[in-house]
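This report concerns only the one structure given below.
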Amino acid sequence: QVQLVESGGGLVQAGGSLRLSCAASGSTLSRYTMGWFRQAPGKEREFVTTINRSGENTDYADSVKGRFTISRDNAKNTVALQMNSLKPEDTAVYYCAAKDTYLGRRIDTRYAYWGQGTQVTVSS
């Protein structure tokens with residue numbers, strides 16, 4: 001099993017940037033496809049982005065494409081989410097998650113392991 005801990009959330013003005021980090025322990029991160037999801041108040045959890053085991057393949061929700069970048073450092077057992085040009089509608093709790101394969105990468109129920117989440121608030 002792998003334990004995931006997110007960090008880097010906070011309050012930022014619209015147009016600003018934040019960098020989220022997800023640290024893994026208990027297992028080697030290179031075994032997993034990693035994803036970021038988010039959940040805003042009163043809304044369902046939604047897919048944000050994902051990266052395959054090697055880091056060669058990524059996938060982004062249309063709402064964040066061109067603004068967010070996912071990356072991973074398997075040697076350090078970490079995954080990062082660089083968020084630029086933030087908008088108020090990006091406000092949510094952001095979760096890091098891990099799954100065994102790249103298939104079904106946009107479906108949250110396919111992810112076996114989750115972090116506790118980190119709050120991102122974008123003010124207008």
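The basis for the numbers below is simple: all heavy atoms, side chains too, and nothing from hydrogens, waters or symmetry mates. Source: prediction; values computed, not measured.
Within the structure, salt bridge (charged side-chain N to carboxylate O under 4.0 Å, His left out) pairs that include any residue of residues 3-18 do not occur (at least two apart or interchain). Residue pairs meeting the ring-ring contact (aromatic ring centres under 6.0 Å, His included) criterion with at least one partner in residues 40-65, sequence neighbours excluded, are Phe37-Phe47. For the ring-ring contact (aromatic ring centres under 6.0 Å, His included) condition, no pair includes a residue of residues 63-96, sequence neighbours left out.
For Asp73 (side chain) and Thr78 (main-chain N/O), no donor-acceptor pair under 3.5 Å exists by modelled atom type. Between the side chain of Arg67 and the main chain of Ser85, a donor-acceptor pair closer than 3.5 Å is present. Judged by distance alone, the side chain of Asp100 and the main-chain N or O of Arg31 form no donor-acceptor pair under 3.5 Å.
With sequence neighbours excluded, the residues forming a salt bridge (charged side-chain N to carboxylate O under 4.0 Å, His left out) with Glu46 are Arg38, listed by chain and number. Applying the salt bridge (charged side-chain N to carboxylate O under 4.0 Å, His left out) criterion to Lys65, with sequence neighbours excluded, gives Asp62. Residues that satisfy the side chain to side chain contact (heavy atoms under 4.5 Å, CB included) test with Arg110, not counting sequence neighbours, are Lys99, Ile107. With sequence neighbours excluded, the residues forming a salt bridge (charged side-chain N to carboxylate O under 4.0 Å, His left out) with Arg106 are Asp59, listed by chain and number. By the side chain to side chain contact (heavy atoms under 4.5 Å, CB included) test, Asn52 pairs with Thr33, Ser54, Glu56, Asn57, Tyr102, sequence neighbours left out. Judged as a side chain to side chain donor-acceptor pair (under 3.5 Å), and not counting sequence neighbours, the contacts of Tyr111 are Thr50.
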Sequence neighbours left out, cut at 3.5 Å: what donor-acceptor pairs do the side chains of residues 117-124 make with other protein atoms?
residue, atom, partner, partner atom, Å
Thr118, OG1, Gly9, N, 3.2
Gln119, NE2, Ala92, O, 3.4
Gln119, NE2, Thr121, OG1, 3.3

Residues 16-26, side-chain donor-acceptor partners within the protein, below 3.5 Å, at least two apart:
residue, atom, partner, partner atom, Å
Ser17, OG, Asn84, OD1, 2.9
Arg19, NH1, Gln82, OE1, 3.2

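One finds the OG1 atom of Thr91 at 10.0 Å from the NZ atom of Lys43 (value rounded to the nearest 0.5 Å).
Within the 4.5 Å cutoff, the side chain of Trp36 has heavy atoms near those of the Cys96 side chain. No side-chain heavy atom of Asp90 sits less than 4.5 Å from a side-chain heavy atom of Met83.
For the pair Ile70 and Val79, the tightest heavy-atom approach, listed with the atom from each and the gap, is CG1-CG1, 4.0 Å. Scanning all heavy atoms of the two residues, the minimum distance from Val2 to Ser27 falls at CB-CB, 3.9 Å. Gln116 and Leu4 get closest at one heavy-atom pair: OE1-O, 3.8 Å.
Cluster annotation: Val48 is connected to Tyr113 through the hydrophobic network of ILVMFWY side chains, with a link wherever side-chain heavy atoms come within less than 4.5 Å. Linking Ile, Leu, Val, Met, Phe, Trp and Tyr whenever their side-chain heavy atoms come within less than 4.5 Å puts Val12 and Val64 in one cluster.
Under the side chain to side chain contact (heavy atoms under 4.5 Å, CB included) test applied with Arg72, the options Thr58, Asn77, Ile51 reduce to a single match, Ile51.
Residues near Leu11 contribute nothing to a hydrophobic cluster around it, because no ILVMFWY side-chain heavy atom sits closer than 4.5 Å to its side chain.
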